[in-house]
Amino acid sequence: MNEIHGGDAAAHWDAAYAKGEDRVSWFQQDAGMSLRLIADLNPPVDAAIIDVGGGASPLAASLLSLGHTDITVLDLSRAALDAARAALGEQAHRITWLHGDLLALTSPRRYAIWHDRAVLHFLTDPPDQARYAELARNTIVPGGHVVIATFAPDGPERCSGLPVQRHDSRSLTELLGGAFTEVAHLREDHRTPSGATQHFTWFVARRT
Ligand SMILES: C[S@@+](CC[C@H](N)C(=O)[O-])C[C@H]1O[C@@H](n2cnc3c(N)ncnc32)[C@H](O)[C@@H]1O
């Protein structure tokens, strides 16, 4: 597993996953919306896809089973990455795992698809949001895409004990800046394991 600069926040997320990755509020049995929106982009199977803050999500495993060959999962929580790798068993080596803070990402690699479900909304400081946009701009190839899910304006104000910045397509367009053009946006009601409903904004944009 490759290391990038981490921080104390990692302990927070490790503790969150310690209760079981299927008991966290963002748990989903399958990554249906992500898979649908990625499929709509019709990427070749060798397209480079990165799931930032991918945690223990089943997305990477599903992409692998669909034949994708260039998948990277980045997360601050080693516990989450260990759980995702354990779930994949012998197939785990077919995925590139990056452990650390996405804001410290200095990978020389470029990606066709940048996927983020429920990570950007934890960036509540404008400088961190600007850094995220800069990374997306520099990391995605022209013609590539972001697929981002955040809490919607009527979604929760906090998650995992942390404040969040909620978004609609307009604020996401503004945050990402002029290097992206919106392709699609939609709303989703996510049911948490405890039965609560969380409103999400999904947003797809093309790197121009
Ligand atoms: C709400 S969870 C979503 C996990 C996953 N995307 C999913 O849909 O199941 C947020 C994830 O982002 C990770 N995370 C939070 N801040 C991060 C950062 N600055 N860099 C990388 N990962 C981060 C956490 O460890 C956690 O796995």
Do [X] and [Y] have side-chain N/O donor and acceptor atoms under 3.5 Å apart?
X    : Y    : value
R206 : H145 : no
H190 : T197 : no
D75  : H99  : no

For I71 and L64, run side-chain contact (heavy atoms from CB on, under 4.5 Å): C-alpha distance rounded to whole Å, both residues' side-chain angles, the deciding distance at 0.1 Å, then the answer. CA-CA 8 Å; I71 305 161; L64 208 53; 3.9 Å; yes
Does [X] use its side chain to pair, donor to acceptor, with the backbone of [Y] at less than 3.5 Å?
X    : Y    : answer
D30  : P58  : no
W114 : L135 : no
T150 : A118 : no
S171 : D168 : yes
T201 : H167 : yes
D125 : D128 : no

Is any side-chain heavy atom of [X] closer than 4.5 Å to a side-chain heavy atom of [Y]?
X    : Y    : result
D51  : L74  : no
R166 : H121 : no
Q198 : P156 : yes
L98  : T72  : yes
L35  : L59  : yes
I38  : H115 : yes
Y111 : V52  : no
F122 : W13  : yes

For [X] and [Y], work out which heavy atoms get closest and say how close.
X    : Y    : value
A47  : A112 : CB-CB, 4.1 Å
A60  : I95  : CB-CD1, 3.5 Å
A9   : L76  : CB-CD2, 3.9 Å
G55  : A84  : O-CB, 3.7 Å
V45  : G67  : CB-O, 3.4 Å
C159 : F151 : CB-CE1, 3.6 Å

Stepwise side-chain contact (heavy atoms from CB on, under 4.5 Å) test for L123 and L103: CA-CA 10 Å; L123 303 181; L103 294 182; 4.0 Å; yes
Do V141 and V146 share a hydrophobic cluster (ILVMFWY, side-chain heavy atoms under 4.5 Å, transitive)? no
Determine, step by step, whether R187 and D154 satisfy the salt bridge (Lys or Arg N to Asp or Glu O under 4.0 Å) criterion, reporting the C-alpha distance in whole Å, the side-chain angles of both residues, the deciding distance to 0.1 Å, and the verdict. CA-CA 11 Å; R187 276 171 59 89; D154 57 352; 3.0 Å; yes
Determine, stepwise, if the pair T69 / D46 fulfils side chain to side chain donor-acceptor pair (under 3.5 Å). CA-CA 5 Å; T69 57; D46 61 352; 5.8 Å; no
Does R110, at its CZ atom, have more than 12 non-hydrogen atoms belonging to other residues, nucleotides or ligands within less than 6.0 Å? yes
Should the heavy atoms of other residues, nucleotides or ligands under 6.0 Å from CZ of R36 be counted, would the total exceed 12? no
Got a second to check how far [X]'s [atom1] is from [Y]'s [atom2], nearest 0.5 Å?
X    : Y    : atom1 : atom2 : answer
L88  : E90  : CG    : CD    : 11.0 Å
D22  : Y17  : CG    : OH    : 12.0 Å
L172 : L120 : CG    : CG    : 6.5 Å
L175 : Q129 : CG    : CD    : 5.0 Å
W202 : H185 : CH2   : NE2   : 14.5 Å
T106 : N138 : OG1   : CG    : 12.0 Å

Quick one, L102 with Y132, criterion side-chain contact (heavy atoms from CB on, under 4.5 Å). Give me CA distance, side-chain angles, the key distance, then yes/no. CA-CA 8 Å; L102 86 91; Y132 182 99; 3.8 Å; yes
For the side-chain contact (heavy atoms from CB on, under 4.5 Å) test, which of L186, L41, I148 pairs with V204? L41
Is there a salt bridge (Lys or Arg N to Asp or Glu O under 4.0 Å) between D70 and R94? Walk through the geometry before answering. CA-CA 8 Å; D70 191 347; R94 296 174 58 198; over 6 Å; no
Starting from the C-alpha separation in whole Å, work towards a yes-or-no answer on side-chain contact (heavy atoms from CB on, under 4.5 Å) for W26 and S57. CA-CA 9 Å; W26 55 92; S57 164; over 6 Å; no
Could you give me the CA-CA distance, side-chain angles and deciding distance for R131 and E134, then say whether salt bridge (Lys or Arg N to Asp or Glu O under 4.0 Å) is met? CA-CA 5 Å; R131 172 72 182 138; E134 179 190 18; 3.2 Å; yes
Do R117 and F200 form a cation-pi contact, if we require the NZ or CZ to be under 6.0 Å from the six-membered ring centre and within 45 degrees of the ring's axis? yes
